[in-house]
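By convention in this document, chain letters (A, B, ...) are assigned in the order of the sequence lines, proteins followed by strands, and residues within each chain are numbered from 1.
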Amino acid sequence: MPNRFSFLTLAREALRSHAGWRPQWRSPERPQPAYDIVILGGGGHGLATAYYLAKEHRVGRIAVLEKGWIGGGNTGRNTTIIRSNYLFPESAALYDHAVRLWEGLSAELNYNVMFSPRGVLMLAHGEHDVQSLKRHVHANRLAGVDNEWLAPAACKAFCPPLDISPAIRYPVLGGALQRRGGVARHDAVAWGYARAASALGVDILENCEVTGIARDPRGGAVTGVETSKGHIRCGKLGVVAAGSTSLVMAMAGLRMPLESFPLQALVSEPVKPVFPCVAMSNTIHAYVSQSDKGELVIGAGTDQYTSYSQAGNVQILEHTLEAICEIFPIFRRMRMLRAWGGIVDVTPDRSPIIGTTSVPGLYVNCGWGTGGFKATPGSGHVFAATIARSEPHPIAAPFSLDRFVTGRVIDEAAAAAVMH
Amino acid sequence: MLLIACPWCGPRPEMEFRHAGEAHLARPADPAAVSDAAWAAYLYERSNPRGEHAERWRHLHGCGRFFNARRHTLTDRISATYKPGEAP
Ligand SMILES: Cc1cc2nc3c(=O)[nH]c(=O)nc-3n(C[C@H](O)[C@H](O)[C@H](O)COP(=O)(O)OP(=O)(O)OC[C@H]3O[C@@H](n4cnc5c(N)ncnc54)[C@H](O)[C@@H]3O)c2cc1C
Ligand SMILES: [Zn+2]
């Protein structure tokens, strides 16, 4: 068992040169021959799913299979913006469920995920932006989700580095502020869920790539998975593979309404605290916050073509940095330290897919695209219930795969062209 | 940035082009006659492979025409571009 973190244990370890800390989660080299439930993908969503399955549902033995290391996918590559001010009631319910879980997550996991609700300010640069963001503010208030409209001077007061002069190319005409929004430490989210799930008996297998899905020749139900560590039998399989979802689902013969694109982020050299909040501009494409280490964390857009290269094009970064320099002129001389990319799985309506599939025993949680980190706790929570009961959790139900057949899409893309 | 050979204009920088998704998806001849599932499959389901991908591009800031390309989605290397109706 890992040590429990408390003021007392921290003080005790400080006095004995931190010699008493044990590994935070069990990391078995070999899998068991069989599990009741296998979760494919050790990102935040997969680990959270395993944790809530073990904690809230009596389902037997659970394993998480990760082809690389846990959190090495988009979980460890994202810009960690958390908010729930989406337009449609179905989305607001899902993302706000997550924000409520974020608020208590460090205590729930006994692990500091550094959730920092410092406020997310979304900027408007034109009449269309103003109308669209105000529509969001009103829709959110009706749905019980906080979101308020700020005039330019109030935006500047909340985010002092912002240039609100009318002379710039895309002047700031106001902004929508969600005060409960903010950021969290991405690695800590993966580690915290892994540690808590492991303590409840979940086996977390790293360097274990799933290469095939075994099915019953008669009914077609999932019976196990082929992996780089051998065959593993399972009763149910939950796929939470983000950018690789189409590849995994093809192993069960399913075609998905998904396309995978590279999405990039970059960080600057570290500086003293200068940026108190998260600021986003969808129109000119800039997202920025400052990490506790002092780096500016900047999110760019996706490449225009599908790719699994995990790199991304330099002109995309340039476009974002131009926007940052325009609205935050104090950053013009800042040096950038590094940039990287992750592969995001994008749905036609930019809303996730959570639920059952046409293959018995196969469940999928994907399509979070450019904005799923914020949903990690809520996504895992409702997906765990969906797998355990073999029917969609009420919050997950509208996000079923068959919405593309019925036409009940949840078109957040058309509503706002929002990226994160 | 990719260097893309438009079949009409020759090699030009990616900035001049718009990616237009998977190629060779045939629209059902009579949409009203197909099932909702078949129509959804046509509209939304994509191969999204890690490997060779046939895709449409439009030379938006050039001749304006659509064409097809075959690109590897891990290396992004384009092995062929060809006009609509042609084989790769
Ligand atoms: C640059 C960037 C910035 C972003 N910014 C934000 C943001 O500010 N706010 C926000 O809310 N979201 C953001 N996102 C999106 C967010 O990161 C994702 O939606 C989210 O992390 C998806 O979570 P996940 O756990 O499903 O994915 P992942 O962490 O990618 O986990 C999937 C795991 O599945 C594993 N896997 C895949 N195939 C197999 C296989 N065959 N066998 C075994 N394992 C396999 C992968 O190795 C991976 O670890 C951003 C993404 C990127 C790339
Ligand atoms: Zn041309």
Side-chain angles (χ1 to χ4, degrees), chain A residues 67 209 211 241-251 253-262 302-319 341 343-351 353 357-358 366-367 369 400-409 411 413, chain B residues 1-6 12-28 31-32 34-62 66-81:
Chain A
K67 72 174 172 187
E209 177 168 8
T211 53
S244 303
T245 305
S246 296
L247 308 175
V248 173
M249 298 301 274
M251 297 173 195
L254 295 184
R255 271 170 74 83
M256 297 294 288
L258 291 172
E259 289 185 303
S260 296
F261 293 92
T302 58
D303 276 341
Q304 61 164 326
Y305 54 86
T306 58
S307 177
Y308 289 86
S309 64
Q310 267 195 147
N313 271 294
V314 75
Q315 78 270 17
I316 309 280
L317 295 178
E318 191 182 340
H319 180 70
I343 303 302
V344 297
D345 47 331
V346 177
T347 56
D349 61 359
R350 303 295 188 278
S351 288
I353 296 166
T357 68
S358 56
C366 66
S400 69
L401 192 49
D402 72 3
R403 73 175 184 269
F404 298 102
V405 175
T406 61
R408 291 190 66 91
V409 294
D411 203 346
Chain B
M1 189 175 314
L2 302 180
L3 189 61
I4 302 173
C6 170
R12 300 292 184 88
E14 181 199 326
M15 297 272 267
E16 294 185 9
F17 298 86
R18 279 291 170 281
H19 186 252
E22 185 169 1
H24 311 310
L25 298 171
R27 187 175 193 269
V34 301
S35 69
D36 288 351
W39 184 243
Y42 161 70
L43 280 183
Y44 300 123
E45 286 175 10
R46 296 295 177 264
S47 311
N48 200 23
R50 183 162 60 199
E52 293 295 334
H53 186 228
E55 59 194 21
R56 299 165 80 223
W57 286 83
R58 185 175 178 210
H59 194 188
L60 186 67
H61 303 291
F66 280 93
F67 59 93
N68 298 317
R70 199 180 56 213
R71 182 177 55 88
H72 194 285
T73 60
L74 200 53
T75 62
D76 291 337
R77 210 176 72 85
I78 296 175
S79 49
T81 54

Discussion item. Check Arg70(B) with Glu52(B), please: is the shortest side-chain N to carboxylate O separation under 4.0 Å?
Written reply: yes
Worksheet item: Looking only at heavy atoms, which two atoms of Asn48(B) and Leu247(A) are closest? And how far apart?
Response: O-CD2, 3.9 Å
Response to the item:
Given Ser307(A), Ser246(A), Ser309(A), the one with more heavy-atom pairs under 4.5 angstrom with chain B than any other is Ser307(A)
Worksheet entry | Interface moiety of His53(B) toward chain A, non-hydrogen atoms closer than 4.5 Å | side chain
Item to complete: Please determine if Arg71(B) and Asp76(B) form a salt bridge, counting it only when a charged side-chain N lies under 4.0 Å from a carboxylate O.
Response: yes
Fill in: N-O pairing of Asp349(A) and Arg403(A) below 4.0 Å
yes
Worksheet item: Atom CZ of Phe261(A) and atom NE2 of His19(B): how far apart are they, to the nearest 0.5 Å?
Response: 7.0 Å
Fill in: Which portion of Trp57(B) sits near chain A, non-hydrogen atoms under 4.5 angstrom
side chain
Discussion item. Using a 4.5 angstrom heavy-atom cutoff, name the option from Leu43(B), Leu74(B), Thr73(B), Leu2(B) with the most pairs to chain A.
Written reply: Thr73(B)
Worksheet item: By a 4.5 Å heavy-atom criterion (distance strictly below it), what part of Gln315(A) contacts chain B: side chain, backbone, both, or neither?
Response: side chain
Worksheet item: For Thr75(B), is it the side chain, the backbone, both, or neither that has a heavy atom closer than 4.5 Å to a heavy atom of chain A?
Response: neither
